[in-house]
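Structure first, then comments.
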Amino acid sequence: MGFSPYGIQSMLKEGHKHLSGLDEAVLKNIDACKQLSTITRTSLGPNGMNKMVINHLDKLFVTNDAATIVNELEVQHPAAKILVLAGKAQQEEIGDGANLAISFAGEILQGAEELIRMGLHPSEIISGYTKAINKTIEILDDLVEKGSENMDVRLKEEVVYRMKAAVASKQYGQEDILSSLIADACIQVCPKNPANFNVDNVRVAKIVGGGLHNCTIVRGLVLKSDAAGSIKRMEKAKVAVFVGGVDTSATETKGTVLIHNAEQLENYSKTEEAKVEELIKAVADSGAKVIVSGAAVGEMALHFCERYKLMVLKISSKFELRRFCRTTGAVAMLKLCQPNPDDLGYVDSVSVEEIGGARVTIVINEEGGNSVSTVVLRGSTDSILDDLERAVDDGVNTYKAMCRDSRIVPGAAATEIELARRLKEFSFKETGLDQYAISKFAESFEMVPKTLSENAGLNAMEIISSLYAEHASGNTKVGIDLEEGVCKDVSTMNVWDLYVTKYFALKYAADAACTVLRVDQIIMSKPAGGPRRDQQPAGGMDED
């Protein structure tokens, strides 16, 4: 053995990587996070650019929704993964503002890098950042618009008022049409106690063709399938739902039947027919007019359903089936048998309609309370529809958040500039090395107005300085009007953000950044053996 390893090498298995110290570990981590936030940053805000992401399954995403982007990028670097997790946490908690969380975390890490190069120790930066985020949350409470904490979540104006900014950041220029659609859909399904609002109750059906102005709302479900039989519509009917499919089931025991002559053969098939007919008749006698099957519908069963004038729908997805049961109030039964009257659901109307060449089944249930409503989206291509769906998602999530906490803060970067200004003042009062970290944290807030104006093609420096000037003279609600490229009072433009969205986004960003800064060594062991799954096994394999 010519070479005996020493130091850390001798302790760990060969093939591991070990990075330590400021240059190798901390700054590399920060660099990876900065790269990630550079990707998401350009798609922040209404004028944000779209990203084209092709994931490992060759699916194409064209979107400016940061949560989708970071989910589809397979981020390898461990530190950047922390930011991705912060973005995901934000997406799950609020459903909007993931971009703010990731971009802001990247920005404060960049500030931290400058401080480290100046010679500050990461732990001093962390303590400064912690003080800064606590102060930020105090200031955020001050900025909440007076009187916004009590709102009626069933008043459409109030809902649209708070939702517009979230939807505009995804679909700029169409936010008015979309927010009123989403608000209608949400208000329809809002339960007695708004805090129990369930996001899953607002469905999206995407149908290619038409344009945004053709979008509609349906009280009930829209299923993207045709009815199985020839009966295409039913009014005020009872519904029976069968999970296992409507067909003759093969018996458990296998038997051999010896048939001697033609009559026995006829009788044999007749008994089978009679059996199916008996089952279908039992369903028809229970008063059900519509049968919904979760699996295949047999030919013979279908024939008898036609004879008894039953409408047959097939829903293959079990989640759709659950939603259908929720809309109609039916209880899904496992096998084909006579249903109890309690197990039957009720619909006002089930009809098959054509929307832009696609046949859809529309299940409408007005009386059965506020169970499900569907937004039918129309657009020219699939990727546009996907993007519209994300905008609707954001709107619905915003609605859910405002049901829990309806406080709002000024949007259009007014809040961020005010936070930056007040934190800057706070940092001058601090003694010790924390003040540098706090003032860097304050400067990081400038990223939002800077990005918003850069994405809109305006001069960022002019806008930020005029915002500071306005805020210094006491107009705390002045933000950027992106269309005219000037600073305006946001209350005249009606751009408001939800307080909870900002609160969690900044909190998660600061937490993620501190986590990244706390790392001073990276030790990666050798990856486990075996060929990687993304590389095809080499040679020795023939075509079959």
Side-chain angles (χ1 to χ4, degrees), residues 44-46 89-101 104 132-170 175 179 182-183 186-187 190-199 393-423 426 445 448-449 452 471 474-480 488-511:
L44 182 76
Q90 173 73 9
Q91 185 70 9
E92 278 162 20
E93 185 70 38
I94 307 293
D96 181 32
N99 201 333
L100 177 62
F104 186 67
I133 190 69
N134 293 340
K135 183 69 180 168
T136 307
I137 285 165
E138 277 172 41
I139 304 173
L140 249 188
D141 284 343
D142 287 354
L143 297 180
V144 172
E145 178 68 7
K146 300 282 176 292
S148 69
E149 55 278 341
N150 36 13
M151 75 171 266
D152 180 6
V153 285
R154 289 185 180 73
L155 255 189
K156 189 168 163 190
E157 288 80 49
E158 294 235 326
V159 174
V160 171
Y161 187 68
R162 291 167 162 73
M163 192 186 281
K164 222 169 95 177
V167 179
S169 70
K170 297 285 175 284
E175 66 268 21
S179 346
I182 302 168
C186 291
I187 292 168
C190 186
K192 300 273 180 296
N193 172 8
N196 299 338
F197 177 77
N198 182 4
V199 185
D393 245 24
D394 265 21
V396 176
N397 279 316
T398 311
Y399 183 80
K400 179 175 185 190
M402 80 177 88
C403 284
R404 285 190 292 173
D405 181 352
S406 64
R407 289 179 291 173
I408 48 179
V409 291
T415 313
E416 277 78 6
I417 282 289
E418 185 60 20
L419 287 172
R421 194 180 66 82
R422 295 222 198 149
L423 265 181
F426 171 66
F445 281 111
V448 177
L452 284 179
H471 280 253
N475 310 341
T476 54
K477 288 186 198 159
V478 175
I480 313 171
K488 255 195 191 169
D489 192 328
V490 290
S491 47
T492 57
M493 297 190 291
N494 278 347
V495 182
W496 300 97
D497 288 340
L498 280 181
Y499 163 80
V500 271
T501 312
K502 282 262 187 291
Y503 171 88
F504 279 111
L506 299 178
K507 210 166 150 38
Y508 285 152
D511 286 353

Mind checking the CD1-OH spacing from Ile133 to Tyr508? Nearest 0.5 Å is all I need. 12.5 Å
Any ion pair linking Lys502 and Glu416 (charged N to carboxylate O, less than 4.0 Å)? yes
Using side-chain heavy atoms (C-beta onward) and a distance below 4.5 Å, is Tyr499 in contact with Asp141? yes
Evaluate the side chain to side chain contact (heavy atoms under 4.5 Å, CB included) criterion for residues Leu419 and Thr136: first the C-alpha distance (whole Å), next the side-chain angles of each, then the deciding distance (0.1 Å), finally the verdict. CA-CA 7 Å; Leu419 287 172; Thr136 307; 3.8 Å; yes
Looking at CD of Glu92 and CZ of Phe504, how far apart are the two atoms once the value is rounded to the nearest 0.5 Å? 13.0 Å
Looking only at non-hydrogen atoms, find the nearest pair between Gly97 and Ala505 and report the distance. O-CB, 3.8 Å
Parallel, tilted or perpendicular: which describes the rings of Phe197 and Tyr399, with under 30° parallel and over 60° perpendicular? perpendicular
Is it true that a side-chain atom of Ser406 and a backbone atom of Met402 form a donor plus acceptor pair closer than 3.5 Å? no
Rounded to the nearest 0.5 Å, how far does CD1 of Ile417 lie from CD1 of Ile480? 7.5 Å
When every non-hydrogen atom of Val160 is compared with those of Ala183, the smallest separation belongs to CG2-CB, 3.8 Å
Are side-chain heavy atoms of Cys186 and Lys400 found at a separation under 4.5 Å? no
Restricting to non-hydrogen atoms, name the atom on Ile182 and the atom on Gly395 that form the minimum distance, rounded to 0.1 Å. CG2-C, 3.9 Å
Are the side chain of Arg162 and the backbone N or O of Ile408 linked by a donor-acceptor pair below 3.5 Å? no
How about Asn475 and Asp489: do any of their side-chain heavy atoms sit closer than 4.5 Å? no
Separation between CG of Leu423 and CD1 of Ile139, rounded to the nearest 0.5 Å: 4.5 Å
Looking at Gly95, is its backbone amide N or carbonyl O close enough to the side chain of Gln90 to form a donor-acceptor pair, meaning the two atoms are under 3.5 Å apart? no
Please evaluate residues Thr501 and Leu100 with respect to the criterion side chain to side chain contact (heavy atoms under 4.5 Å, CB included), reporting the C-alpha separation (whole Å), side-chain torsions for both, the decisive distance (0.1 Å), and the verdict. CA-CA 9 Å; Thr501 312; Leu100 177 62; over 6 Å; no
Under the side chain to side chain contact (heavy atoms under 4.5 Å, CB included) rule, what do Arg404 and Val500 come out as? Steps first, then yes or no, please. CA-CA 9 Å; Arg404 285 190 292 173; Val500 271; over 6 Å; no
For Arg422 and Lys135, what are the C-alpha separation, side-chain angles and deciding distance, and is it a side chain to side chain contact (heavy atoms under 4.5 Å, CB included)? CA-CA 9 Å; Arg422 295 222 198 149; Lys135 183 69 180 168; over 6 Å; no
Correct closest heavy-atom pair for Cys190 and Arg154 would be O-NH2, 3.6 Å
What's the separation between atom OG1 in Thr398 and atom NZ in Lys164, rounded to the nearest 0.5 Å? 14.0 Å
Any side-chain heavy atom of Pro410 within less than 4.5 Å of one from Thr476? no
4.5 Å side-chain heavy-atom contact, Ser169 and Leu44: no
Show the nearest heavy-atom pair for residues Met163 and Ser179, with the distance to one decimal. SD-O, 4.1 Å
Over all heavy atoms of both residues, which pair between Asp394 and Ala166 is shortest? Give the atoms and the distance, please. OD2-O, 4.2 Å
